[in-house]
*Asks:* 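To start, I am sharing the structure in question, which I have written as structure tokens.
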Amino acid sequence: MQSILQSLQLVAQNPGGHTGIWASDTRNAGEITAINPATGEPLAAIYRGNENDYERIIQTAQKTFVQWRQVPAPKRGEVIRQIGNALRARKDILGRLVSLESGKSLQEGLGEVQEMIDMADFAAGQARMLYGKTMHSERSQHRMFEQWLPLGVVGIITAFNFPVAVWAWNAFLAIICGNTVVWKPSPKTSLCALAVHYICNAVTTACNCDGIFSLYVTDNAEQIKNLVSDKRIPLISFTGSSAIGKQVAEMVAKRLGHTLLELSGNNAIIVDDTADLAMAVPAIVFGAVGTAGQRCTTTRRLFLQEKIYDACLTALTKAYQKISIGDPLDEKNLLGPLIDATSVQQYLQAVADIKQAGGDILFGGKALSRPGYYVEPTIVAAKNHWDIVQRETFAPILYVMKYQQFEEAIAMQNDSRFGLSSALFTRDLQRAELFLSAQGSDCGIANINIGTSGAEIGGAFGGEKETGGGREAGSDAWRAYMRRQTNTINWGKHLALAQGIKFEI
């Protein structure tokens with residue numbers, strides 16, 4: 001841990017760039033203290049941004065955009081490629097910082113940095129493929145086509161559970177599309193944001209394109225509302241709960257801006273009577289306890305066909321007994337802490353609600369009496385219609401339910417106001433195809449024989465219903481950061497109107 005903090009001290013002394021990671025006049029706005037969730041002790045403090053900082057950041061981002069949009073997209077991609085290389089060189093130290101500050105296991109922390117590297121590779125290639133279309137005009141001697149142009153300043157608001165990767169999903173695409181970026185990270189993981197911003201600014205300084213990345217750290221609700229409501233920011237990408245996402249959507253809609261929303265999930269795995277349990281059980285365990293259940297893609301509901309219910313539950317319980325809980329920087333531990341004391345209280349309230357509803361706690365159900373914010377991974381026999389089951393509790397609680405007919409399982413899975421990730425374990429081809437058809441999963445992500453979490457960056461990530469409908473990372477997600485323009489060129493010598501209209505003067 002000492003080496004991590006020494007690296008952070010270097011970052012603090014050499015913030016890089018000129019976009020105002022912090023400045024002397026921010027000191028009057030107080031400090032934000034980063035807490036180690038594994039111990040409950042403070043790690044470091046940074047100065048909170050104030051209104052003057054925000055205004056300077058937005059004006060810098062606007063001014064930089066005017067120049068950056070003129071840079072050819074492949075050259076913008078080259079900057080992101082170099083950032084990817086800089087991340088490769090610092091993967092270990094940054095991954096350890098992610099683990100230290102967010103509480104996720106070291107393997108997950110390193111994996112998150114690898115996700116940023118993969119995203120940089122993807123974005124660098126995508127910079128050469130911002131394709132439009134050419135269409136045939138109904139008028140002779142006319143050419144019609146469409147092109148994609150940058151939006152301007154893109155605001156990115158991220159959550160603590162993926163403190164760096166989700167920003168990269170958005171920022172790297174926004175940058176290669178010709179935008180500039182203003183990042184408002186979770187104050188719970190502000191050190192991770194600071195470190196990433198330092199790495200990026202070192203590259204942009206070397207490439208003579210300072211100002212394309214900006215960082216605004218605050219936990220002031222009014223200042224965050226000002227950012228969301230700012231007409232100078234055409235797109236707000238928000239990752240967080242559905243409750244807050246609805247507020248963000250409303251504020252942006254009032255100014256007719258664009259939103260990209262990645263919100264809550266209540267993800268399910270279906271295991272049928274043909275499934276390979278040796279494959280299914282590890283996927284269920286990782287999906288349910290990875291990041292201590294604090295992923296939007298966490299497996300929260302498990303539907304087991306009645307013939308394999310007992311066998312699967314027995315194997316699952318044995319696997320839970322082997323889960324080591326403790327310091328996430330120790331590689332032997334699979335489960336780290338929750339992010340803070342409030343999360344522990346929410347976990348305990350969920351356990352109380354489970355008992356009140358009549359749920360049978362088959363494993364876990366307690367907070368651990370040790371420094372830090374640790375809880376037991378928990379398995380509950382429950383009913384899908386219970387209010388507690390239909391809520392998203394950001395903790396390692398898995399609700400297990402039995403079904404008879406496959407169509408019944410699909411109906412129960414889809415009976416949720418969220419629609420992010422889903423999975424089916426089966427050897428039956430027809431069931432697999434049904435699950436992926438219009439009659440099957442209604443989620444944005446539907447997997448066969450892999451779990452609900454751990455998406456690759458090559459595919460578009462996001463979900464339906466109260467998950468928000470946004471798509472990030474791969475496929476054609478880059479279009480969210482651009483505006484579409486339809487162009488028609490009359491290269492003839494006469495004016496011809498569409499639909500054959502005659503207009504003579």
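Everything quoted here is computed from the prediction, not taken from an experiment.
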*Asks:* Salt-bridged, E464 to R471, with N to O below 4.0 Å?
*Replies:* yes
*Asks:* Got a salt bridge between E101 and K188, using NZ or NE/NH1/NH2 to carboxylate O under 4.0 Å?
*Replies:* no
*Asks:* Tell me whether T299 contacts the main-chain N or O of A268 through its side chain, where contact means a donor paired with an acceptor under 3.5 Å.
*Replies:* no
*Asks:* Any side-chain donor-acceptor pair under 3.5 Å between T158 and T239?
*Replies:* no
*Asks:* So, are D272 and K307 salt-bridged, with charged N and O less than 4.0 Å apart?
*Replies:* no
*Asks:* Looking at T426, is its backbone amide N or carbonyl O close enough to the side chain of N449 to form a donor-acceptor pair, meaning the two atoms are under 3.5 Å apart?
*Replies:* yes
*Asks:* Judged by atom type as modelled, is there a donor-acceptor pair below 3.5 Å linking the side chain of S237 to the main-chain atoms of G155?
*Replies:* no
*Asks:* What pair of heavy atoms forms the shortest contact from A195 to L97, and how long is it?
*Replies:* CB-CD2, 3.6 Å
*Asks:* Between R431 and D273, is there a side-chain N and carboxylate O pair less than 4.0 Å apart?
*Replies:* yes
*Asks:* Is there a salt bridge (charged side-chain N to carboxylate O under 4.0 Å, His left out) between D353 and R391? Walk through the geometry before answering.
*Replies:* CA-CA 11 Å; D353 292 344; R391 297 204 311 256; 2.8 Å; yes
*Asks:* Would you indicate whether the side-chain heavy atoms of N179 and I212 approach each other to under 4.5 Å?
*Replies:* no
*Asks:* Quick check: closest heavy atoms across T39 and P371, and the distance to 0.1 Å?
*Replies:* O-CB, 4.0 Å
*Asks:* Are more than 12 heavy atoms from other residues, nucleotides or ligands located less than 6.0 Å from atom CD of E408?
*Replies:* yes
*Asks:* Which residue, Y481, F238, W169, forms the side chain to side chain contact (heavy atoms under 4.5 Å, CB included) with L260?
*Replies:* Y481
*Asks:* Could you tell me the separation between the OG1 atom of T259 and the CE atom of M251, rounded to the nearest 0.5 Å?
*Replies:* 11.0 Å
*Asks:* Does the side-chain contact (heavy atoms from CB on, under 4.5 Å) test come out yes or no for T452 and T298, once each step is laid out?
*Replies:* CA-CA 7 Å; T452 60; T298 290; over 6 Å; no
*Asks:* How about F363 and Y320: are their ring centres within less than 6.0 Å of each other?
*Replies:* yes
*Asks:* Looking only at non-hydrogen atoms, find the nearest pair between L420 and G463 and report the distance.
*Replies:* CD1-N, 3.8 Å
*Asks:* Quick check: does any side chain N or O of T204 sit under 3.5 Å from a backbone N or O of N201, one acting as donor and the other as acceptor?
*Replies:* yes
*Asks:* Identify whether NZ of Lys or CZ of Arg in K402 sits under 6.0 Å from the centre of the six-membered ring of Y309 and within 45° of that ring's axis.
*Replies:* yes
*Asks:* So do F394 and F160 actually touch side chain to side chain, heavy atoms under 4.5 Å?
*Replies:* yes
*Asks:* Looking at E466 and K246, does any basic side-chain N land under 4.0 Å from a carboxylate oxygen?
*Replies:* yes
*Asks:* Would you name the heavy atoms of I325 and P377 that are closest together and state the gap between them?
*Replies:* CD1-CD, 3.7 Å
*Asks:* Has S186 got a side-chain atom pairing as donor or acceptor with A159's backbone, closer than 3.5 angstrom?
*Replies:* no
*Asks:* Quick one: pull up CD in E433 and CG in L424 and give me the separation to the nearest 0.5 Å.
*Replies:* 11.0 Å
*Asks:* Does either side chain, that of S441 or that of S422, offer a donor lying less than 3.5 Å from an acceptor on the other one?
*Replies:* yes
*Asks:* So, Q305 side chain and Q404 main chain: donor-acceptor pair closer than 3.5 Å or not?
*Replies:* yes
*Asks:* Is there a side-chain contact between E472 and V166 (heavy atoms, below 4.5 Å)?
*Replies:* yes
*Asks:* Answer yes or no: is there a side-chain heavy-atom contact under 4.5 Å between L362 and V380?
*Replies:* no
*Asks:* Can you tell if the side chain of M116 reaches within under 4.5 Å of the side chain of W167, non-hydrogen atoms only?
*Replies:* yes
*Asks:* Where do A127 and G77 come nearest, in terms of heavy atoms and distance?
*Replies:* CB-CA, 3.7 Å
*Asks:* Please indicate whether Q321 has more than 12 foreign heavy atoms, meaning atoms of other residues, nucleotides or ligands, lying under 6.0 Å from its CD.
*Replies:* yes
*Asks:* One pair to check against side-chain contact (heavy atoms from CB on, under 4.5 Å): K366 and V375. What are the steps and the verdict?
*Replies:* CA-CA 6 Å; K366 299 187 180 81; V375 300; over 6 Å; no
*Asks:* Would you name the heavy atoms of T393 and I397 that are closest together and state the gap between them?
*Replies:* CG2-CD1, 4.3 Å
*Asks:* Residues in salt bridge (Lys or Arg N to Asp or Glu O under 4.0 Å) with D276, at least two apart?
*Replies:* R427
*Asks:* Kindly indicate whether the side chain of I117, heavy atoms from C-beta on, has any atom under 4.5 Å from the side chain of L87.
*Replies:* yes
*Asks:* Please confirm whether the backbone N or O of D310 pairs with a side-chain atom of T314, one donor and one acceptor, at under 3.5 Å?
*Replies:* yes
*Asks:* Do the non-hydrogen side-chain atoms of I157 and L227 ever get within less than 4.5 Å of each other?
*Replies:* yes
*Asks:* Could you check T291 against E108 for side-chain hydrogen bond (donor to acceptor under 3.5 Å, both in side chains), going step by step and ending with a plain yes or no?
*Replies:* CA-CA 8 Å; T291 320; E108 291 182 88; 2.6 Å; yes
*Asks:* Think K104 forms a cation-pi with F162, using NZ or CZ under 6.0 Å from the six-ring centre and within 45 degrees of its axis?
*Replies:* yes
*Asks:* Parallel, tilted or perpendicular for F406 and F435, by the 30°/60° rule?
*Replies:* tilted
*Asks:* Please determine if K332 and D327 form a salt bridge, counting it only when a charged side-chain N lies under 4.0 Å from a carboxylate O.
*Replies:* no
*Asks:* Taking the side chain as every heavy atom from C-beta outward, state whether S416 and R301 have any pair of such atoms under 4.5 Å apart.
*Replies:* yes
*Asks:* Are a donor atom and an acceptor atom from the side chains of Q349 and Q345 found within less than 3.5 Å of each other?
*Replies:* no
